[in-house]
Amino acid sequence: MNRQKSFEQKKPALYLVATPIGNLEEMTPRAISILASVDVIAAEDTRNTMKLLTHFGIKTRLLSHHQHNELQSAKGLVDLLDQGNSIAIVSDAGYPLISDPGSIVCKLVIEAGYSVIPVSGSNAMLNALVCSGLDTQHFLFYGFLKASEKERIRELHDLKYYPFTLVFYEAPHRIRKMLESCKEVLGNRQMCLARELTKKHEEFLRGTIEELLEVVEELKGEMVVIIEGSKEEKDPGEDQAMPLVHDQIKTYIDGGLTTNEAIKRVAKERGLSKNDLYKEFHGLS
């Protein structure tokens, strides 16, 4: 068992410091104090973080810590702790580790016997969720769906009957395809799209997925997508039925039909959507 008392430890520690997601007034006094007092700041992008530090007059040493050097950097940060240096991790905006690097170093730091201490601040996911108008009692933060349509469809099928509010991050150049996949798999549910959070052009768009698709081309900025949970109960036989469908398709293929011909025939025989069956078959085979 690992038992940590954050304010009683005397060894060097790793601090996870949340930074503003758009408005510099979100920076807390404690965050400023920690960043000024640690020996090293590990940043996702040192150029972005330097602007933040300069604004608040912080001159702490900066190191690069991003997804492409995460394992090597994590080992180096543990070495710095061994040498008596306290460290803060920051991302470009918001809370580190939330769809950003940091989980590897946290694991290694804890295993090495050092404390990992959170320093609260802004988080885009929570900001969007509480203003969405959708249920906040229970929710699932999923982060980014896969860019590949096949993989994205498969992920959404896994979430289709989840009863709690679903929260995703998405980039503007992918938002249309993402919402089209959501409508296809989840149905035309109520949703909220939040963009440019805490910035001058902050905006919340609430409505159905279909309604959002009508205006999505004009939207810019990093986005949080909140979609209501499922109101349907999964058919207990659904998980068993799909493998049988796949077996039937493979039987027709073995009999000489092309994959497309086999899927078309099975879809017709079973009253299923040919497109849905095609994506399901290729996603799971």
Side-chain angles (χ1 to χ4, degrees), residues 1-127 140-144 146 167 169 171 197-198 222 224:
M1 183 182 76
N2 180 298
R3 186 171 183 175
Q4 171 182 316
K5 294 194 175 185
S6 300
F7 291 92
E8 295 180 17
Q9 54 85 33
K10 296 181 180 179
K11 294 168 63 175
L14 178 72
Y15 295 88
L16 306 179
V17 182
T19 54
I21 61 174
N23 191 321
L24 288 174
E25 292 182 4
E26 296 166 337
M27 193 71 168
T28 67
R30 186 182 179 212
I32 295 171
S33 175
I34 292 293
L35 293 182
S37 63
V38 295
D39 300 290
V40 175
I41 298 172
E44 182 183 5
D45 187 322
T46 55
R47 294 167 299 178
N48 286 341
T49 300
M50 181 59 74
K51 296 175 185 177
L52 179 72
L53 300 185
T54 300
H55 179 84
F56 289 103
I58 298 170
K59 299 181 180 179
T60 305
R61 176 187 173 197
L62 268 179
L63 294 177
S64 176
H65 179 77
H66 50 75
Q67 62 179 348
H68 303 297
N69 75 346
E70 189 170 4
L71 180 58
Q72 180 181 357
S73 173
K75 294 177 180 177
L77 294 179
V78 173
D79 289 341
L80 287 172
L81 289 167
D82 288 339
Q83 296 165 22
N85 299 286
S86 284
I87 302 168
I89 286 186
V90 298
S91 63
D92 284 350
Y95 232 120
L97 278 75
I98 305 300
S99 289
D100 279 320
S103 60
I104 292 176
V105 68
C106 280
K107 183 175 186 294
L108 293 181
V109 165
I110 291 168
E111 290 175 350
Y114 296 100
S115 295
V116 176
I117 301 172
V119 181
S120 302
S122 186
N123 174 261
M125 178 265 295
L126 290 175
N127 284 10
L140 171 69
F141 172 63
Y142 197 84
F144 287 92
K146 300 290 187 184
V167 186
Y169 283 164
L197 286 167
T198 77
E222 295 303 308
V224 185

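FYI, side chains are in, hydrogens and waters are out, and symmetry mates aren't considered; it's all heavy atoms of this structure.
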What I'd like to find out is whether the side chain of [X] reaches to under 4.5 Å of the side chain of [Y], using heavy atoms alone.
X: L52; Y: L24; value: yes
X: L63; Y: L80; value: yes
X: V38; Y: I34; value: yes

Between [X] and [Y], which heavy-atom pair has the shortest distance, and what is it?
X: L77; Y: A42; value: CD1-CB, 4.0 Å
X: L108; Y: A74; value: CD1-CB, 3.8 Å
X: N69; Y: S64; value: ND2-O, 3.3 Å
X: F144; Y: A171; value: CE2-N, 4.1 Å

Sequence neighbours left out, what pairs pass salt bridge (Lys or Arg N to Asp or Glu O under 4.0 Å) with at least one residue falling in residues 15-26?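 Residue pairs with at least one partner in residues 15-26: there are none.
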Begin from the C-alpha positions of M125 and Y169 and carry the test side-chain contact (heavy atoms from CB on, under 4.5 Å) through to its verdict. CA-CA 8 Å; M125 178 265 295; Y169 283 164; 3.5 Å; yes
Restricting to pairs with a member in residues 52-92, which pass ring pair (Phe, Tyr, Trp, His ring centres under 6.0 Å), not counting sequence neighbours?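 Only H66-H68 qualify under ring pair (Phe, Tyr, Trp, His ring centres under 6.0 Å).
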Kindly state each residue pair satisfying side chain to side chain donor-acceptor pair (under 3.5 Å) with at least one member in residues 101-114, sequence neighbours excluded.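 Every pair satisfying side chain to side chain donor-acceptor pair (under 3.5 Å) with a residue in residues 101-114: D82-Y114, K107-E111.
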Selection residues 33-47 - residue pairs positive for side chain to side chain donor-acceptor pair (under 3.5 Å), sequence neighbours left out: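 Qualifying pairs, neighbours excluded: D45-R47.
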Measure the [atom1]-[atom2] distance between [X] and [Y] for me, rounded to the nearest 0.5 Å.
X: N127; Y: I21; atom1: CG; atom2: CD1; answer: 4.5 Å
X: C106; Y: L16; atom1: SG; atom2: CG; answer: 4.5 Å
X: I87; Y: T60; atom1: CD1; atom2: OG1; answer: 12.0 Å
X: L35; Y: T28; atom1: CG; atom2: OG1; answer: 8.5 Å
X: I32; Y: L53; atom1: CD1; atom2: CG; answer: 10.5 Å
X: I110; Y: S115; atom1: CD1; atom2: OG; answer: 9.0 Å

Enumerate, atom names and distances included, each donor-acceptor pair closer than 3.5 Å involving a side-chain atom of residues 5-12, sequence neighbours excluded.
residue : atom : partner : partner atom : Å
S6      : OG   : Q4      : NE2          : 2.9
K11     : NZ   : G113    : O            : 3.1

Please evaluate residues E70 and V105 with respect to the criterion side-chain contact (heavy atoms from CB on, under 4.5 Å), reporting the C-alpha separation (whole Å), side-chain torsions for both, the decisive distance (0.1 Å), and the verdict. CA-CA 8 Å; E70 189 170 4; V105 68; 5.6 Å; no
Would you tabulate the side-chain donor-acceptor contacts of residues 94-102 under 3.5 Å, counting partners in other chains and residues two or more places apart, or write 'none'?
none

